[in-house]
Enquirer: 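So that we are looking at the same thing, I have put the structure below in structure tokens.
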2 protein chains.
Amino acid sequence: MQDALRQFKANIFQALAHPTRIAIVEALRDGELPAGVIIERLGVEQANASQHLAVLKAKQIVAHRKEGNQVFYSVRDPLLIEVLDILRRYFQAHLTESMAMLTEMKQSESVVNGGKNE
Amino acid sequence: MQDALRQFKANIFQALAHPTRIAIVEALRDGELPAGVIIERLGVEQANASQHLAVLKAKQIVAHRKEGNQVFYSVRDPLLIEVLDILRRYFQAHLTESMAMLTEMKQSESVVNGGKNE
DNA sequence: TTCGTATATTCGATAAATCGAATATACGAA
DNA sequence: TTCGTATATTCGATTTATCGAATATACGAA
């Protein structure tokens, strides 16, 4: 059972282990939104967003509801928003190291995206 | 900057997105432990544990300190323990769905491990 | 039914994670 | 120095994640 709980936690973490999916959850912080709006806000490919939404759906992070032509998404539990907020504090608390870590991460891709920070 | 923060969060999540690494962090909940004890408690391969520890180290989740022959690990910030606790509450709150999700996950590997739940 | 819009799924290629086995390193004791 | 213990790293194989392009589905309006 302890095992199951850890497996469950790992699943949640994995569901959130992508910047785009985090952006989606954050976009839904103040309530539900149709997929189209999410896509527009994030500025990603439609298919890509849909794939990420599918991941969040499969891991039960978001709920969805159809209304006519569109699909509205919402975060299933505000507890997850709370987790994101805790990590924001974590980020700030360790700001110096965080930045170091990020720049180090960026270096490996800086050649790829030309260093732009949209 | 909003981007950097999300990238940072995704990194933390990814670092924790594995049952073994969660088990490691939980083992360190009450203070530092030498690698050997961690390995013993988790019952995993030495090399495997060391690899997971390396991930946690790279993502700044744990700190390490050498003392003679052994290396002591500790969680860098109790905030992360808090996150794990929130997820435990999340698990309990959605117990029914959680179990459904887990059994569904188990099914795909039940043939492999013979259904045993150590 | 046909069309247009909103969203989802499939496909194939590439990158990243994971594992055990083997090997390497660090360090204290003899 | 040599040995034994504790821990880390490398290697090669396998699985999983990620992406854009293309295609499919759902549904309201005409």
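What you see below is based on every heavy atom in this structure, not just the backbone, and it leaves out hydrogens, waters and symmetry mates. To find a chain, count down the sequence lines: A is the first, B the second, and so on, and within it residues start at 1.
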Enquirer: I need a per-nucleotide contact map over nucleotides 4-14 of chain C, read 5' to 3'. Cutoff is protein heavy atoms under 4.0 Å; write B for the base, S for backbone only, - otherwise.
Expert: -BSBBBBB---
Enquirer: Which word best sums up how the rings of A:Tyr73 and A:His64 line up, parallel for under 30°, tilted for 30 to 60°, or perpendicular for over 60°?
Expert: parallel
Enquirer: Send over the distance from B:His18 NE2 to D:dA17 C1', rounded to a whole Å.
Expert: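 Distance check: B:His18 NE2 to D:dA17 C1' gives 14 Å.
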Enquirer: Which dot-bracket string fits DNA chain D when only Watson-Crick or G-U wobble pairs with both atom distances under 3.5 Å count, crossing pairs get [ ], and | stands for a partner on a different strand?
Expert: ||||||||||||||||||||||||||||||
Enquirer: Would you mind telling me which of B:Val44, B:Val71, B:Ile24 makes a side-chain contact (heavy atoms from CB on, under 4.5 Å) with B:Ile38?
Expert: B:Ile24
Enquirer: When rounded to the nearest 0.5 angstrom, what is the spacing between CG in A:Leu56 and CG in A:Leu16?
Expert: 7.0 Å
Enquirer: Kindly compute the distance separating CD (A:Gln46) from CG (A:Leu53), expressed to the nearest 0.5 Å.
Expert: 9.5 Å
Enquirer: Using heavy-atom distances to pick each residue's nearest nucleotide on DNA chain D, tell me which of A:Thr20 and A:Gly68 is more 5'.
Expert: A:Thr20
Enquirer: Going by an N to O cut-off under 4.0 Å, is there a salt bridge joining A:Lys9 and B:Glu26?
Expert: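 Answer for the salt bridge query: yes.
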Enquirer: Could you tell me if the side chain of A:Ile61 sits less than 4.5 Å from the side chain of A:Arg76, heavy atoms only?
Expert: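 The answer is no; the side chains never approach within 4.5 Å.
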Enquirer: Taking the minimum atom-to-atom distance to the side chain of B:His52, which one of C:dC19, D:dT18, D:dG20 wins?
Expert: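 Nearest to the side chain of B:His52 among the choices is C:dC19.
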Enquirer: Whole-Å distance between C:dA16 P and B:Phe13 CZ?
Expert: 21 Å
Enquirer: Kindly compute the distance separating CZ (A:Arg89) from CG (B:Asp77), expressed to the nearest 0.5 Å.
Expert: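 Spacing of CZ (A:Arg89) from CG (B:Asp77) equals 9.5 Å.
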Enquirer: Hey, are the side chains of B:Arg29 and B:Asp85 touching, using non-hydrogen atoms and a 4.5 Å cut-off?
Expert: yes
